[in-house]
Q: 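Following this message is one structure expressed as structure tokens.
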There are 2 protein chains.
Amino acid sequence: MSDLRILYTFTKIYLMFSKGCEYAIRATIYVALQSQRNQCTNLKAIAEEVGSPVAFTAKIMQQLVKNNIVYSVMGPTGGFQMDKERIDQVNLSEVVNAIDGDAIYRGCGLGLEACDASQPCPVHDKFAKIRDDLQKMLEETSIYELATGLEVGMTFLKR
Amino acid sequence: MSDLRILYTFTKIYLMFSKGCEYAIRATIYVALQSQRNQCTNLKAIAEEVGSPVAFTAKIMQQLVKNNIVYSVMGPTGGFQMDKERIDQVNLSEVVNAIDGDAIYRGCGLGLEACDASQPCPVHDKFAKIRDDLQKMLEETSIYELATGLEVGMTFLKR
DNA sequence: GGCATATAGGATAAAAAGGTCTTACAATCT
DNA sequence: AGATTGTAAGACCTTTTTATCCTATATGCC
Ligand code: FES
Ligand code: FES
């Protein structure tokens, strides 16, 4: 276990979003899909469909409610739902922001305190380009669009 | 502290690479620069110049040595150095691979087991594009190029 | 009203990443 | 040869992230 390489490679997959954020995106897409069918979805169903731990998913959903991405209904027949208009409005960027904040846009690729073009790290130019593309993509992608792909059966929320 | 948003936003900056990988890139660039001047750089100097914890940096350097990115010289006047030819050859992708593995190329943006175009997650198309751009960038960027920017004083390894 | 079924929210636990320390060993210089 | 300066490697500690548990509270239905 002293091999750092093996340690890294097989334990954590380093990508853009935190685990919570990944769950949040998947959950939002699912809730959106259900909402289009006028259905309120409860926590258990979301966790099941999204393949996420129930209790952790609860935390994430709370956060999404606080950030006005979905709303919650208490009591039996309750759960989470999205306003139909919101489904078109909400984009990926909003969801990511609700959970991970805007660090992904501000952060330096080499881990310097913050990205600062006036004192750039060696990869700044190249990195900033990718990061801006990512930001643009997140802002341009609506939840509606993603839910549609799911509805049609072209995409999957878990495997 | 129950506010997940605050927790996420102000604690961890989620980006592409692990901390160790960030240090590795910075260290490699610095060693490359010193090597161009025919200088062997010792661990302490690297850590200082790169702004990384000494002991942790030692681990990272070991990994870089194992992966043939730099070589080490023991004893007094020892340290780490790069073959001059290697400086042009080695690209960012190699360094990232040495520390984080290839997860960044294989991973799914929504955290599914692995990215699989035959059973894509809802963001697959858009995400894969960004990820491929990143890969291309990493493969096209040589350490030489980055070291040069540093030498000229245009870029910084720490602030 | 009372009961069943939801979410809300705080406290807590487990796992992973990040970081340190200590001992061993290698090379160079007197 | 011995002292000194350096890397190698494993054990260990700390912090952050991920995940769970438990109690309180809200809502719908009988
Ligand atoms: S300063 Fe590093 S990415 Fe901008
Ligand atoms: S399947 Fe999710 S990114 Fe390819």
Side-chain angles (χ1 to χ4, degrees), chain A residues 1-15 17-24 27 31 39-47 50-67 70-81 99-101 103 111, chain B residues 1-24 27 31 39-48 50-67 70-81 99-101 103 111:
Chain A
M1 289 308 118
S2 73
D3 191 348
L4 202 58
R5 165 69 179 284
I6 288 174
L7 211 71
Y8 273 111
T9 306
F10 295 112
T11 53
K12 166 86 181 169
I13 299 213
Y14 265 92
L15 282 176
F17 313 120
S18 71
K19 217 84 194 99
C21 191
E22 292 173 352
Y23 295 150
V31 169
Q39 300 209 338
C40 194
T41 318
N42 71 24
L43 177 64
K44 214 178 129 199
I46 294 173
V50 153
S52 56
V54 178
F56 193 49
T57 305
K59 296 287 178 202
I60 306 294
M61 294 313 295
Q62 278 178 41
Q63 214 47 41
L64 292 179
V65 169
K66 266 190 194 160
N67 284 270
V70 303
Y71 65 84
S72 66
V73 180
M74 282 189 134
T77 77
F80 300 89
Q81 200 160 357
I99 307 295
D100 281 352
Chain B
M1 288 308 116
S2 72
D3 192 347
L4 202 59
R5 165 70 179 283
I6 288 174
L7 211 72
Y8 272 111
T9 307
F10 296 112
T11 53
K12 166 85 182 171
I13 299 211
Y14 264 93
L15 281 176
M16 322 272 178
F17 313 120
S18 70
K19 218 82 193 103
C21 191
E22 291 173 351
Y23 295 150
V31 169
Q39 300 210 336
C40 194
T41 318
N42 72 24
L43 177 63
K44 212 178 129 199
I46 295 174
E48 189 126 325
V50 153
S52 56
V54 178
F56 193 48
T57 305
K59 296 283 179 202
I60 307 293
M61 294 313 295
Q62 278 179 40
Q63 214 49 40
L64 292 179
V65 169
K66 268 192 194 159
N67 284 268
V70 303
Y71 65 85
S72 68
V73 180
M74 282 190 136
T77 77
F80 298 89
Q81 200 161 358
I99 308 294
D100 282 351

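In what follows, chains carry the letters A, B, and so on, assigned in the order in which the sequence lines appear, proteins first and then strands, with residues in each chain numbered from 1. Basis for what follows: all heavy atoms, side chains included, without hydrogens, waters or symmetry-related copies.
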Q: Does A:Ser72 place a side-chain N or O at less than 4.0 Å from the phosphate oxygens OP1/OP2 of C:dA6?
A: no
Q: When you measure from the side chain of B:Pro76, which nucleotide among D:dA26, C:dA27, D:dA9 comes out closest?
A: C:dA27
Q: Taking CG from A:Asn42 and C1' from D:dG28, how many angstroms apart are they, rounded to a whole number?
A: 14 Å
Q: Whole angstrom is fine here: how far is it from CD in B:Glu22 over to C1' in C:dG18?
A: 12 Å
Q: Among C:dG18, C:dC25, C:dA8, which nucleotide sits nearest the side chain of A:Val65?
A: C:dA8
Q: Heavy atoms from C-beta onward define the side chain here; which of D:dC21, C:dT7, D:dG28 lies closest to that of A:Ala55?
A: D:dC21
Q: I need the minimum non-hydrogen distance between A:Val31 and A:Met61, along with the two atoms involved.
A: CG2-CE, 4.2 Å
Q: Quick one: is D:dT18 close enough that its OP1 or OP2 comes under 4.0 Å of any side-chain N or O from A:Tyr23?
A: no
Q: On DNA chain D, check which nucleotide each of A:Thr57 and A:Thr77 is closest to and give me the residue with the more 5' one.
A: A:Thr57
Q: Separation of A:Ile46 atom CD1 from C:dA6 atom C1', in whole Å?
A: 12 Å
Q: I'd like to check A:Tyr71 versus A:Phe80 (side-chain heavy atoms, cut-off strictly below 4.5 Å). Are they in contact?
A: no
Q: Send over the distance from A:Lys66 NZ to C:dA8 P, rounded to a whole Å.
A: 10 Å
Q: Take atom CD of A:Gln62 and atom P of C:dG9, then tell me their distance rounded to the nearest Å.
A: 5 Å
Q: If you check every side-chain atom of A:Pro53, which of D:dT25, C:dA27, D:dA19 has the closest atom?
A: D:dA19
Q: Measure from CZ on A:Phe80 to P on C:dA6 and round the result to the nearest Å.
A: 12 Å
Q: In whole angstrom, what separates B:Asp100's CG from C:dG18's C1'?
A: 13 Å
Q: Got more than 12 heavy atoms from elsewhere within 6.0 Å of CD, B:Glu48?
A: no
Q: Considering every strand and a 4.0 Å limit on heavy-atom distances, what is the contact class for A:Tyr71: base, sugar-phosphate, or nothing?
A: nothing
Q: Can a donor-acceptor pair under 3.5 Å be found between the side-chain atoms of B:Lys59 and the base atoms of D:dG10?
A: yes
Q: From CE of A:Met61 over to P of D:dT18, roughly how many Å is that when rounded to an integer?
A: 18 Å
Q: Hey, are the side chains of A:Asn67 and A:Ile99 touching, using non-hydrogen atoms and a 4.5 Å cut-off?
A: no
Q: Taking all non-hydrogen atoms of both residues, which atom of A:Thr57 and which atom of A:Ser52 are closest, and how far apart?
A: OG1-OG, 2.6 Å
